[in-house]
Amino acid sequence: MQSLWEMKVGESGTVKWMMGNSVVMEFLRRHEIKEGNLIRVFQKGKSGVIAGIGNRRFAIAGEVAERIKI
């Protein structure tokens, strides 16, 4: 198991579990980032990633991406 932050650009994986404070968890669930969904990394930077589920794209800070396990 690896974190979303550890994935390479172009890789996809199924979200196994995630953790964070209530604000972060609400953001993730609002954007349909939840256990069982397939997520793909489109771009990585020094402080975060651009990822997507289906036709949605979003930026996720590196600290949050480390807490999403694939």
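All values derive from a computational prediction rather than experimental measurement. We're numbering straight along the sequence, starting at 1.
Looking at Val41 and Ile50, their side chains never come closer than 4.5 Å, going by heavy atoms from C-beta outward. Using a 4.5 Å heavy-atom cutoff, the side chains of Val49 and Lys44 are in contact. Put simply, the side chain of Phe58 reaches to within 4.5 Å of the side chain of Ile53, judged on heavy atoms. Within the 4.5 Å cutoff, side-chain heavy atoms of Glu35 are placed close to those of Met18. Between Gln43 and Arg57, every side-chain heavy-atom pair lies at or beyond the 4.5 Å cut-off. Looking at heavy atoms from C-beta onward, Ile70 lies out of side-chain contact with Met1 at the 4.5 angstrom threshold.
The nearest pair of heavy atoms linking Ala51 to Leu4 is CB-CD2, 4.5 Å. Minimum heavy-atom separation, Ile39 to Met7: O-CE, 4.3 Å.
For the pair Glu6 (side chain) and Ser3 (backbone), a donor-acceptor distance under 3.5 Å is present. Remark: side-chain polar atoms of Lys69 are paired, donor with acceptor, to backbone N or O of Glu66 under 3.5 angstrom. A donor-acceptor pair is defined here as one N or O able to donate and one able to accept, closer than 3.5 Å; no such pair exists between the side chain of Asn37 and the backbone of Thr14.
There is a path of hydrophobic side-chain contacts, each under 4.5 Å, that joins Val64 to Phe27.
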Carefully, step by step, assess Leu38 and Val15 under the rule side chain to side chain contact (heavy atoms under 4.5 Å, CB included).
-> CA-CA 6 Å; Leu38 185 67; Val15 177; over 6 Å; no

Give the C-alpha distance, both sets of side-chain angles, the deciding distance and a yes or no for side chain to side chain contact (heavy atoms under 4.5 Å, CB included) between Gln2 and Glu11.
-> CA-CA 12 Å; Gln2 65 180 345; Glu11 286 186 329; 4.0 Å; yes

